[in-house]
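The block underneath contains the structure these notes are about, expressed in C-alpha cells.
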Amino acid sequence: MYGELMIGINMLFNYAILSFTNKVGNHQTSKRRLWGASFVGAFFVTLFPYSMLAIIFTFLGMTYIAFGQTIENWKSSLLVMVIASFFAGGLLTLVYTNVSIVKSNVFLLFAIGLTYLSLYVVKVKWLDTRTMNKLISYTLDSVVKLWGRSIPLKVFIDTGNHCVEPLSGNPVHFIGLEAVKEQLPSDFLVALENWKSGSSPNLLQFPAPYQKDLRLIRLQTVQGAAWAVGIKFESWLVDEQPLPAGYIVLTKEQHNYPQGASAILQVSAMEVMKEERRMATC
C-alpha cells in the first residue's frame with residue numbers, strides 16, 4: 001500500500017509539472033501522453049528513491065516521453081521542467097517527510113492543490129511577460145471600422161498612453177491622418193482640416209450626421225495642453241481580437257510613431273491581448 005501511495009503522489013506531482021511545461025512551452029502534448037509520462041516517472045522514482053543516477057535518467061526519460069516529438073522540442077522543455085520542479089519540489093519533499101504521520105487524504109490533497117495553484121500563478125505571470133514583450137516589440141495587424149468603412153492599419157500598443165475620453169472614461173487611441181485620409185468622408189475631412197482648437201473649441205462646424213460620434217479630448221503634450229477631436233469608432237479588431245468601445249484622435253505626426261505603425265493604441269489594449277492569451281492557454 002505504501003508503494004502505491006508513493007506512485008500516486010509522484011504521479012500527480014509529475015503531471016502538474018508536465019502540464020505546466022506543456023502550457024508554457026506551447027508543446028500541444030495530449031493529456032494521455034502527459035499522464036503516461038507521469039506514471040513512468042513516478043514508478044521509477046519510487047523504485048529507486050535514493051539513486052541520483054536513476055532520478056536523472058527518469059527525469060530525462062519522462063520529459064522525452066512527453067515532449068520528445070523532436071530533439072529540439074525535447075531540449076526546449078528541459079529548462080522549463082527544471083524551473084517548475086523547484087516550485088513543486090519543496091511540497092513533494094514535505095509530503096515525503098510527513099507521509100508517516102498523514103492520517104487522511106486531506107494533507108495530500110492540500111499539498112497537491114497548493115502545487116497546482118503555485119504553478120498556475122507562475123504560468124500566468126510567465127505568459128503575461130512573454131505577451132507583453134511581444135506586444136511592445138512588434139506591430140500588430142488590425143481593422144478599424146469607421147462610419148461603415150473598414151480600414152486596415154498596423155498598430156503599436158503604447159504602455160505610456162493612458163488617455164481617456166473624460167465623460168465616458170473610454171480609451172483614446174491615436175491614428176496618423178495620412179493612413180486613413182482617403183477613407184474619410186470628404187465633408188468631414190474638410191471640416192477637420194479647417195477646425196481650430198482654441199480656448200473655447202466646439203464641434204458645431206462639423207456636419208450634423210457626424211456630431212453624435214465626436215467628443216472634445218483634452219490632450220497634455222510637452223508643448224502644453226490642447227484640444228483634439230475624438231471620433232467614436234464602430235469596432236476595432238486587433239490581431240482578430242475586438243477592442244472595447246473607445247475613441248480615436250487623428251494626428252499629423254505619423255512619422256513619429258514607432259515601428260512604422262499607423263496607429264498607437266492606448267495601454268488598455270494590452271490587457272485585452274493578455275486576457276485573450278490566458279483564455280487560449282486554459
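These values consider heavy atoms only, across backbone and side chains, with no hydrogens, waters or symmetry-generated copies. What you see is a predicted model, and the numbers here were worked out from it, not measured in a lab.
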| query | For the side chain to side chain contact (heavy atoms under 4.5 Å, CB included) test, which of Asp213, Val229, Asn170 pairs with Tyr247? | reply |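 Looking at Asp213, Val229, Asn170, the match for Tyr247 under the side chain to side chain contact (heavy atoms under 4.5 Å, CB included) is Asn170.
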| message | Would you say CD of Glu182 has more than 12 non-hydrogen atoms from neighbouring residues, nucleotides or ligands within 6.0 angstrom? | response |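 12 or below, so no.
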Nearest atoms (heavy-atom pairs only) where [X] meets [Y]:
{"X": "Gly230", "Y": "Val249", "value": "CA-CG2, 4.2 Å"}
{"X": "Glu234", "Y": "Trp147", "value": "OE2-N, 2.8 Å"}
{"X": "Ala245", "Y": "Pro171", "value": "O-CD, 3.4 Å"}

| Results of side-chain hydrogen bond (donor to acceptor under 3.5 Å, both in side chains) for Lys31 - residues two or more places apart only |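 Residues passing side-chain hydrogen bond (donor to acceptor under 3.5 Å, both in side chains) with Lys31: none at all.
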Nearest-0.5 Å distance that lies between atom [atom1] in [X] and atom [atom2] in [Y]:
{"X": "Leu204", "Y": "Trp195", "atom1": "CG", "atom2": "CH2", "answer": "12.0 Å"}
{"X": "Phe233", "Y": "Ile151", "atom1": "CZ", "atom2": "CD1", "answer": "12.0 Å"}
{"X": "Leu146", "Y": "Tyr210", "atom1": "CG", "atom2": "OH", "answer": "10.0 Å"}
{"X": "Glu165", "Y": "Ile217", "atom1": "CD", "atom2": "CD1", "answer": "5.0 Å"}
{"X": "Phe188", "Y": "Gln211", "atom1": "CZ", "atom2": "CD", "answer": "10.5 Å"}
{"X": "Leu189", "Y": "Asn194", "atom1": "CG", "atom2": "CG", "answer": "9.5 Å"}

| side-chain contact (heavy atoms from CB on, under 4.5 Å) evaluation trace for Leu140 with Leu265 | CA-CA 10 Å; Leu140 299 170; Leu265 301 184; over 6 Å; no
Are any non-hydrogen side-chain atoms of [X] and [Y] less than 4.5 angstrom apart?
{"X": "Val144", "Y": "Val155", "answer": "no"}
{"X": "His173", "Y": "Leu243", "answer": "yes"}
{"X": "Asn161", "Y": "Val172", "answer": "no"}

| field | Ser142 (side chain) donor-acceptor with Leu153 (main chain) under 3.5 angstrom | value |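 Yes, the answer is positive, given that a donor and an acceptor are paired below the 3.5 Å cut-off.
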| What's the verdict on side-chain contact (heavy atoms from CB on, under 4.5 Å) for Gln266 and Val164, showing C-alpha distance, side-chain angles and the deciding distance? | CA-CA 9 Å; Gln266 203 240 34; Val164 297; 3.5 Å; yes
| task | Please collect all salt bridge (Lys or Arg N to Asp or Glu O under 4.0 Å) contacts where either partner lies in residues 140-153, sequence neighbours excluded, each pair once. | result |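 Residue pairs passing salt bridge (Lys or Arg N to Asp or Glu O under 4.0 Å), neighbours aside: Asp141-Lys154.
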| said: Set out, in order, the CA-CA distance, both residues' side-chain angles and the distance that settles side-chain contact (heavy atoms from CB on, under 4.5 Å) for Phe206 and Leu192, then state yes or no. | reply: CA-CA 7 Å; Phe206 289 92; Leu192 180 64; 4.1 Å; yes
| request: Verify side-chain contact (heavy atoms from CB on, under 4.5 Å) between Ile231 and Leu214, making sure each step is shown before the conclusion. | output: CA-CA 5 Å; Ile231 307 169; Leu214 304 181; 3.9 Å; yes
| request: Determine whether Ile264 and Leu237 fall in the same hydrophobic cluster, where Ile, Leu, Val, Met, Phe, Trp and Tyr are linked whenever their side-chain heavy atoms lie under 4.5 Å apart. | output: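 Per the 4.5 Å side-chain linkage, Ile264 and Leu237 are not co-clustered.
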